[in-house]
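The structure appears right after this line, and notes come after that.
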Amino acid sequence: MEMESEPYVRLASLRQLHQAMADMNTARSLADTLQTVADGAVTALGYEMACVNLVRPDGDLVVAAFSGNSAAEALITGRVGSRESWERRLTMGEAWGDLRFIPHTEGWVLDDDDVPQWYTDGPAPRFEDEWHPADRLFAPMYAPGVQGGGSGELLGVISVDRPRNGRHPGAWGREALQMYAFQAAIAISNARLRSNMQRALVRLEREQQALRASEESFRQAFEYAPSGMAIAEMGGDQHGRILRTNDALCRLLGRPASAMRRYSFSDLVHPEDIGTLLRTSAEGGRAELRLGRRDGSYVWVSLRNSVVADAADGPRFLLTHVEDIEERKRRELQLAHRASHDSLTGLPNSAELRSRLSARLCRRPAHADELDSLDAAYGHPAYDVNGHGFDFASGTDAYDGFDHHVHTVAPEDDRDDGTKGLAVLFCDLDGFKSINDRFGHNAGDAVLIEVARRLSRGVRDGDTVARLGGDEFVILADGLGKADAQDLAVRLRNEIIQPIRAEGRAVRVGASFGIGWAHCGMTADEVLKSADERMYVEKRSRPKQHRRAG
């Protein structure tokens, strides 16, 4: 626009202005927008040079674009002027609406401040409105939505120099520059918004790519993990329902993935391990239990839980790691069995026998004087008519440390009164030493193994047959009367005296049985000693020549 005489403005000039505004609103980037703003001030508004100073985040202004003079562009582009110096400029000179004009008569005071600027030479003005080389004209750009008065957020300043007609702009020229600065502020704001959106989109795409990569990594780690993995629902009516399993877990349990989705772990766990599963904490909980296979068998596993949480909804899923520990458990059970069982016969050993016997017994006073002293101490009968410890104040068993303990009782020694008790049969083999001496220890071991088999075959399920050591065996048989225990001893003796094949020959041993009775108030050793003593009484009472034949 050639600053022709106003109010006469050519249509072509308006078209140039319109095109400049369209160009700066369609630029592809913020940098392109700033350069388009500077170029438009030269091509459409008719100034010889134009500079766009953009406000930085720290408040200072940087020369972001220049148009009209390549030498001046190279000199000042990228240089920074302080906000303080710019505020001084925008309060000096003459206010033309939002524009600020500083004539050469005042502008000399700005020659040495830190705002980047260029210098042009030329003659002094010949008439009043002629442009002087030291004149300055600034068009502030304020944030959209705030017009006039410079009270809005300052985005930047357009500096222009020397209109092509050499005269100060008139009313139309001033209005055009002010309008252009306003539209430039909108274009710059939009460009910044687009730039921020593009950066956000790029960042979002990178985050999504990272998320997809993370999900893929998790999927591969889940699917191809060497041990079992499962994802289950957490909370709600379907809590614990299995949503997804990996191949390792399906192979371990012999169940296809489609079938696994019909279950929860509580459906698969061994009935005896339900309590262990329920006590397992969801967050970092660990448990060792048995899970059911498709063929009906069970496998020992280690279960470890982790919570998969959602940032908004909180805990959502349970990630369960299932490790096969069948082999370890088998070794542990084998070690426990070896520690509690005789290595030769496979029967419970002396320690296991004492443990089982002690589990049935509790310590309680057995004599009347002890009962009387407890009565006096507690102010009420300490034991009921059956001799059971009872706290009448609280209504519970007392003093013996066994809540709801069913006390073990024994038949009277002198008669069979029908009382059923825990019979302890102490068995010692007769003639076993001579077999060891004549035929060797291998033959002796074969005899012990066969005797153990016959004893185990001759008792009921739930009775205990243990090897105490050497050629001594003990049988614990609960719920027997005196006659029942004597009959059992006779049957077992008759089984033992049958010929036994050992080292290719038939040998025979006899057996002596002593029957003792366990009752609360005794220790395991006291019970065994009583049965042992009765066995020796029985052994001595029989003629030596009849002991082996029974």
Side-chain angles (χ1 to χ4, degrees), residues 330-361 408 421-433 435-436 439-480 484-503 507-518 523-536 538-539 548 550:
R330 183 180 292 113
R331 290 196 301 270
E332 290 176 356
L333 293 174
Q334 288 174 349
L335 291 174
H337 187 272
R338 290 174 185 173
S340 61
H341 287 71
D342 175 49
S343 59
L344 178 63
T345 63
L347 296 177
N349 60 19
S350 175
E352 179 65 13
L353 171 67
R354 285 175 166 79
S355 175
R356 295 186 185 185
L357 186 53
S358 297
R360 290 295 313 277
L361 305 175
T408 301
L422 176 58
V424 181
L425 283 67
F426 199 106
C427 172
D428 182 77
L429 300 183
D430 299 328
F432 176 75
K433 184 176 183 302
I435 293 175
N436 263 340
F439 306 120
H441 289 288
N442 288 341
D445 288 348
V447 170
L448 292 175
I449 292 171
E450 179 60 20
V451 168
R453 188 185 68 80
R454 293 180 182 183
L455 289 174
S456 299
R457 187 179 59 190
V459 300
R460 304 164 302 176
D461 292 341
D463 292 344
T464 294
V465 178
R467 183 186 177 197
L468 195 61
D471 60 348
E472 295 178 334
F473 297 85
V474 173
I475 297 95
L476 303 181
D478 200 6
L480 299 184
D484 299 328
Q486 292 166 356
D487 290 343
L488 176 60
V490 171
R491 289 199 311 271
L492 294 177
R493 181 184 300 115
N494 290 336
E495 285 288 332
I496 291 173
I497 64 176
Q498 301 302 317
I500 297 173
R501 297 293 298 180
E503 294 293 300
V507 297
R508 295 166 64 99
V509 292
S512 297
F513 280 87
I515 302 174
W517 296 93
T523 66
D525 285 336
E526 289 172 343
V527 174
L528 294 174
K529 181 180 179 181
S530 172
D532 185 25
E533 291 173 348
R534 292 172 185 270
M535 183 274 297
Y536 275 106
E538 195 269 346
K539 184 186 288 283
R548 183 176 302 179

Restricting to non-hydrogen atoms, name the atom on [X] and the atom on [Y] that form the minimum distance, rounded to 0.1 Å.
| X | Y | result |
| --- | --- | --- |
| P348 | E352 | CB-CG, 3.7 Å |
| T408 | A518 | CG2-O, 3.1 Å |
| G444 | F432 | O-CE1, 3.3 Å |
| I435 | A443 | CG2-CB, 4.3 Å |
| L347 | A452 | CD1-CB, 3.5 Å |
| A339 | N349 | O-ND2, 3.0 Å |

Counting distance only, does the side-chain N/O of [X] pair as donor-acceptor with the main-chain N or O of [Y] below 3.5 Å?
| X | Y | answer |
| --- | --- | --- |
| R460 | D478 | yes |
| R454 | E495 | yes |
| Q498 | N494 | yes |
| R338 | H341 | no |
| D471 | D430 | no |

Given side chains that start at C-beta, do those of [X] and [Y] come closer than 4.5 Å, heavy atoms only?
| X | Y | result |
| --- | --- | --- |
| V527 | L361 | yes |
| R534 | F426 | no |
| I496 | C427 | yes |
| L425 | F473 | no |
| L422 | L357 | yes |
| L492 | L455 | yes |
| R354 | L528 | yes |
| D463 | L476 | no |

Between R356 and T464, does any side-chain donor sit less than 3.5 Å from a side-chain acceptor?
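Judged by distance alone, the side chains do pair up.
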To the nearest 0.5 Å, how far apart are [atom1] in [X] and [atom2] in [Y]?
| X | Y | atom1 | atom2 | result |
| --- | --- | --- | --- | --- |
| S358 | L353 | OG | CG | 9.0 Å |
| S340 | L335 | OG | CG | 10.5 Å |
| D445 | T345 | CG | OG1 | 10.0 Å |
| L488 | R493 | CG | CZ | 10.5 Å |
| S512 | M535 | OG | CE | 6.5 Å |

Member of V509, I500, V507 meeting the side chain to side chain contact (heavy atoms under 4.5 Å, CB included) criterion with E450:
I500
